[in-house]
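Structure, as structure tokens:
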Amino acid sequence: MKIKNIVKGKEIVKVYPTTTIRDALITMNEEGTRRITVVDAGTNRVVGVITSMDIVDFMGGGSKYNLVKSKHNHNLLAAINEPVKEIMTNEPICVKENAVLKEVITLFIEKNVGGMPVVDKDYKLISTITERDIIKYLRDKIDKSKKINDYMTENPVVATSGERLKDVARTMLRNGFRRLPVISEGKLVGMITSTDFIRLLGSDWTFNHMKTGNVREITNVRIKDIMMKDILTVEKDTSLCDTVDVMTKNNIGALPVVNDGKLIGIITEKDIVSYFKE
């Protein structure tokens with residue numbers, strides 16, 4: 001199966017290098033996406049992508065924080081109005097429209113990405129393909145006897161509810177994780193995801209919580225105040241099919257795995273995509 005047939009009719013969401021970071025975040029928040037393609041305005045050729053992890057980096061996780069820290073002396077309100085080209089991922093991994101599904105699955109796993117622009121021979125944007133697209137398309141091919149305990153990540157890296165936003169940003173970026181279960185006194189109390197960074201910056205929440213414009217007013221916020229608290233979980237003996245149904249129905253990319261209420265692992269879309277490579 002060629003992927004152009006899987007993404008046919010899918011709405012194309014894009015921004016331009018001169019689009020402000022703020023406007024890109026608003027678009028991502030409104031569209032409910034954690035990645036958006038950046039194209040040249042004149043040719044529609046892909047020049048970059050901005051992902052939720054770029055935003056995590058920008059908010060204190062890594063080198064892109066220098067835009068806030070150094071160029072704008074910690075003034076988030078100024079930095080967020082810079083063009084998106086300042087923090088986007090340049091020369092992103094793209095996939096040609098005639099690529100077959102097996103190639104795309106391999107790229108997702110080997111390059112550790114959750115989505116890619118789909119382009120023609122001239123690298124003009126046609127659509128995007130995500131892990132979720134693949135999972136939805138192949139759902140009926142999952143062996144109903146498969147359980148998630150064979151595919152989940154055991155003993156996942158976690159955050160604690162008292163940690164600050166900037167600390168979690170560093171943990172996410174250092175480990176390459178887009179989400180972290182949140183623990184308090186040994187119990188699972190929530191989940192913090194890279195998409196939460198988009199939600200905070202792409203809505204009025206951040207600006208309603210700022211008085212001086214200093215980024216520390218946001219990066220020092222405690223996770224317990226912004227995390228998702230009413231989260232869905234699965235047991236380790238849940239079938240892979242049922243897990244996929246829960247994830248797609250609720251439009252979520254991962255589920256904590258519990259045993260007698262205790263966190264023992266996490267199952268993500270990437271884990272499920274890896275199943276299809278077998």
Side-chain angles (χ1 to χ4, degrees), residues 1-11 32-35 52 93 95 97-116 118 127-158 175-183 187-195 228-278:
M1 170 62 70
K2 293 184 177 179
I3 62 164
K4 65 180 179 182
N5 297 318
I6 298 175
V7 299
K8 186 177 181 181
K10 188 176 179 181
E11 182 182 0
T33 180
R34 61 175 180 245
R35 65 185 59 79
S52 57
I93 299 166
V95 62
E97 60 181 322
N98 289 321
V100 296
L101 194 52
K102 185 177 180 180
E103 295 175 57
V104 179
I105 290 173
T106 299
L107 277 174
F108 276 141
I109 296 168
E110 292 183 353
K111 302 299 183 180
N112 193 30
V113 293
M116 294 176 286
V118 180
S127 187
T128 58
I129 182 83
T130 68
E131 292 170 330
R132 193 165 300 171
D133 293 328
I134 290 174
I135 291 168
K136 287 181 177 179
Y137 182 76
L138 295 177
R139 187 269 178 210
D140 291 339
K141 296 185 181 299
I142 298 174
D143 184 337
K144 289 182 172 55
S145 68
K146 295 292 184 181
K147 307 292 185 183
I148 61 171
N149 62 325
D150 292 326
Y151 300 95
M152 70 183 190
T153 298
E154 298 180 344
N155 302 314
V157 175
V158 300
N175 292 283
F177 297 149
R178 296 193 294 264
R179 56 191 65 82
L180 299 173
V182 182
I183 300 296
K187 296 181 180 179
L188 178 67
V189 294
M191 181 89 85
I192 183 76
T193 75
S194 57
T195 307
M228 293 180 289
K229 297 175 183 177
D230 298 322
I231 57 172
L232 298 170
T233 62
V234 286
E235 301 279 341
K236 65 178 182 178
D237 60 351
T238 304
S239 73
L240 206 56
C241 282
D242 289 344
T243 300
V244 166
D245 289 343
V246 171
M247 292 169 75
T248 54
K249 179 182 177 180
N250 293 281
N251 199 33
I252 51 179
L255 289 166
V257 183
V258 297
N259 185 32
D260 293 329
K262 183 180 179 181
L263 178 71
I264 60 171
I266 189 169
I267 182 83
T268 69
E269 288 175 325
K270 188 167 299 299
D271 297 324
I272 297 167
V273 168
S274 296
Y275 162 81
F276 293 121
K277 191 182 179 184
E278 295 180 353

Check: More than 12 foreign heavy atoms under 6.0 Å from OH of Tyr137: is that the case here?
Finding: no
Notebook entry, point to check: If every non-hydrogen atom of Leu255 is compared with every non-hydrogen atom of Met247, which pair is closest and at what distance?
Noted result: CD1-CG, 3.6 Å
Note to self: For Glu97, is there an ion pair with Lys2 - N to carboxylate O distance below 4.0 angstrom?
What the structure shows: no
Check: If only atom types and distance count, is the side chain of Asp143 paired as donor or acceptor with the main-chain N or O of Ser145 below 3.5 Å?
Finding: yes
Checklist line | Over 12 non-hydrogen atoms of neighbours within 6.0 angstrom of NZ in Lys187 | finding: no
Note to self: I need the minimum non-hydrogen distance between Ser52 and Thr195, along with the two atoms involved.
What the structure shows: CB-N, 4.2 Å
Next item on the list: Count the heavy atoms belonging to other residues, nucleotides or ligands that lie under 6.0 Å from NZ of Lys236, then report whether that count exceeds 12.
Entry: no
Note to self: Within the 4.5 Å heavy-atom criterion, are Thr130 and Thr33 side-chain neighbours or not?
What the structure shows: no
Next item on the list: Give the intermediate values and the outcome of side-chain contact (heavy atoms from CB on, under 4.5 Å) for residues Ile266 and Met152.
Entry: CA-CA 6 Å; Ile266 189 169; Met152 70 183 190; over 6 Å; no
Margin query: Quick check: closest heavy atoms across Val7 and Ser127, and the distance to 0.1 Å?
Written below: CB-OG, 3.5 Å
Next item on the list: With sequence neighbours excluded, tell me which residues meet salt bridge (charged side-chain N to carboxylate O under 4.0 Å, His left out) with Asp271.
Entry: none
Check: Crowded around Lys102 NZ? As in, over 12 foreign heavy atoms under 6.0 Å?
Finding: no
Next item on the list: Output all residues satisfying side chain to side chain donor-acceptor pair (under 3.5 Å) with Asn251, sequence neighbours left out; order by chain, then residue number.
Entry: Arg132
Next item on the list: Return the minimal non-hydrogen interatomic distance between Ile129 and Phe108, and the atom names on each side.
Entry: O-CZ, 3.5 Å
Check: With sequence neighbours left out, what residues match Asp242 under side chain to side chain donor-acceptor pair (under 3.5 Å)?
Finding: Ser239
Checklist line | Ile272/Tyr151 under side-chain contact (heavy atoms from CB on, under 4.5 Å): CA gap, chis, key distance, verdict | finding: CA-CA 7 Å; Ile272 297 167; Tyr151 300 95; over 6 Å; no
Margin query: Using side-chain heavy atoms (C-beta onward) and a distance below 4.5 Å, is Val118 in contact with Lys4?
Written below: no
Check: What are the two closest non-hydrogen atoms of Val104 and Met116, and how far apart are they?
Finding: CG1-CE, 3.7 Å
